[in-house]
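All chains are named by letter (A, B, ...) in the order of the sequence lines, taking the proteins before the strands, and each is independently numbered beginning at 1.
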Amino acid sequence: MNELGKDRPSMDMEKLVSLCKRRGFIFQASEIYGGINGFWDYGPLGTELKKNIKDAWWQDMVRNPPPGPDGEEISMVGLDSAIIQNPKVWQASGHATGFQDPMVDCKTEGCKGRFRADQIASNQCPLKPSKCPGEFEKCQITEARAFNLMFETYVGAVKDDAASAWLRPETAQGIFTNFKNVVDSSRVRPPFGIAQIGKAFRNEINPRNYTFRSREFEQMEIEFFCHPDESMKWYQYWRNLRLSWYTKLGIQSEKLRPREQGEKELAHYSKACTDIEYLFPFSDEPQELEGVAHRGAFDLTQHMQHSGKDLQYFDEESWAKFDKTGIKGDKKAEAEAKAKFRYVPHVIEPSAGAGRFTLAVLCEAYSEDKMPDEKGNLQERVVMKFHPRLAPIKAAILPLVNKEGMPELAARLYRELKEEWNVRFDDGGAIGRRYRRQDEVGTPFCFTIDGQSLQDQTVTIRHRDDGKQERLPMSQVAATLRQALRPG
RNA sequence: GCGGGUGUAGCUCAGUGGUAGAGCGCCACGUUGCCAACGUGGCUGUCGUGGGUUCGAGCCCCAUCACCCGCUCCA
């Protein structure tokens, strides 16, 4: 167990899973039919939570990213590409070949091992005195079988090989294939980024750990295109920005770890990669939430080769400023000079898992504490301490009791607030019970209408984390909420 | 993929071959005066699924699916 794992409460996951089911955050997919391994459905509150996460990402990364390394405005645009693409896309990206490993199984009693066919020689057979799988006389090695992690499907009515296609295993390639379209249509020029949120699919051999490794998942990806000379600067920028985004939204920095990949771990084309990892309760080691990768010119170069299309960027701005007096009508000299302003952009790829971050937010938010009951005795409380921006329900509007016009006044406030936010009206049961209900789904604020409200048009605002209350004029409730929910 | 464990109400679980239960929750009515109050009434089950054994199966057997733990895997 590493430093991060010390003194970790051994089990919160079962309680969290149970709460997620009970309160409608996450359900097993096709549950009434016994479920299906590796797939999960998000319930009413989970849908709100994940949507808030995606919206926060879009707002903070695409609509209003912070200034760049030199204080400049960052240019970002969005994209929503198809899940099914021409299969050649996956040939070019390497997924069609590199994404599948031929595996062999050993049927021998006491072994039952599974090995990569190309690594048999370097593997140790579990049965002594054998050295590597297949060498022991009892080894019963099966034929090599391909385990392609891409889901295959068919396009059109006829189910033949020519019609076969794959569900995308990542959203990134849709960005690369549209690089030229975006440049030609959107008046962007490097450095700039294209962002996309969408589903991706991987036929994982062994889904595990609740929603963490799912076969269908949602990615929030940016491909940031820049000049090769500036790529490391941008890599640092995105690495730092992405890390700070998680802490800004309430993840404790002690549970986050930026892990720089070593040279051996890096893909052959990658110059640098940092995994941003979170210490989930189900693991001793932090697990990946996001990878920020410096992919060099690999992807665009691959698509240039496979498609035959020129995806280089020509820097017209610099060319216009270039002193052309030495060229003067010499076509050949001009072409040579121009070549210096033509390049394949390098790519920085911050690739985050929306579902993984949703799970991290749920784990991080789950807490148990004690609140005094009406007699002053401390009672156990379960509270989801979501950041207000991410909370599925922003506020509850509660009449203290159901008489003397309190419900009517509360309903009026409710109708005003729901024009802007997901808020709830609740008049069921005692006030303490209603507070606890909201605590358990992480509602940051409760506005309570009491007898005094009827006299002077004030309400109490009750804060989720400490239960403290203040009075404020009803006319200031919306402004107060807006302030608490603003980005940044 | 291998080994082990688990599967009963929305949740947590009891139920060792003979009439499916408890707590919490949820709903209705009454009550209510700031932190899981109370009273009355009510709701909820293909006992994961499919076979088998048996006069009779939630319970025994087989298969299968799902979840958990440990390996394996994680481009």
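If you take CD1 of A:Ile205 and P of B:C71, they are 17 Å apart, rounded to a whole angstrom. Per the geometry, OH belonging to A:Tyr210 stands 17 Å off P belonging to B:A66, to the nearest Å. The CZ-P distance, from A:Arg22 to B:C26, rounds to 10 Å in whole Å.
In this structure, the nucleotide among B:G33, B:C11, B:C2 sitting nearest to the side chain of A:Lys21 is B:C11.
Between A:Tyr435 and A:Thr448, the side chains place a donor N or O and an acceptor N or O closer than 3.5 Å (distance only, hydrogens not considered). Checking A:Thr177 against A:Gln85 by side-chain atom types alone, no donor-acceptor pair falls below 3.5 Å. A:Tyr269 and A:Gln302 share no donor-acceptor pair across their side chains, judged by distance under 3.5 Å alone. For the residue pair A:Tyr366 / A:Glu368, a side-chain donor-acceptor distance below 3.5 Å is found, with atom types taken as modelled.
Between B:C47 and B:G17, the two C1' atoms lie 15 Å apart (nearest whole Å). A distance of about 26 Å separates the C1' atoms of B:C55 and B:A63, rounded to the whole Å. B:C29 and B:U46 have their C1' atoms separated by 34 Å, given to the nearest Å.
Note on A:Gly38: only backbone sugar-phosphate atoms sit closer than 4.0 angstrom, heavy atoms only; bases stay farther off. Within 4.0 Å of A:Asn206, counting heavy atoms only, lies at least one base atom of the nucleic acid.
Other residues, nucleotides and ligands place more than 12 heavy atoms under 6.0 Å from the NZ atom of A:Lys54.
If you find the closest nucleotide of RNA chain B to A:Arg208 and to A:Gln28, the one lying nearer the 5' end belongs to A:Gln28. Both A:Val401 and A:Gly34 lie close to RNA chain B; mapped to their nearest nucleotides by heavy-atom distance, the more 5′-ward contact belongs to A:Val401.
Between A:Lys370 and A:Glu380 a salt bridge is recorded (basic side-chain N to carboxylate O distance below 4.0 Å).
Between the NE2 atom of A:His95 and the CD atom of A:Gln173 there is a distance of 6.0 Å, given to the nearest 0.5 Å.
Residues A:Tyr210 and A:Phe282 place their aromatic rings such that the two centres sit no closer than 6.0 Å. Residues A:Phe445 and A:Trp421 keep their aromatic ring centres 6.0 Å or farther apart.
For B:G33, neither phosphate oxygen OP1 nor OP2 lies less than 4.0 angstrom from any side-chain nitrogen or oxygen of A:Lys403. At least one side-chain nitrogen or oxygen of A:Asn37 sits closer than 4.0 Å to the OP1 or OP2 atom of B:C67.
Residues of residues 346-359 of chain A that place a heavy atom closer than 4.0 Å to RNA chain B do not occur.
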**OP:** For nucleotides 34-46 of chain B, just jot down a letter per nucleotide in 5' to 3' order: B, S or -, based on protein non-hydrogen atoms under 4.0 Å.
**Re:** BBBB--------B
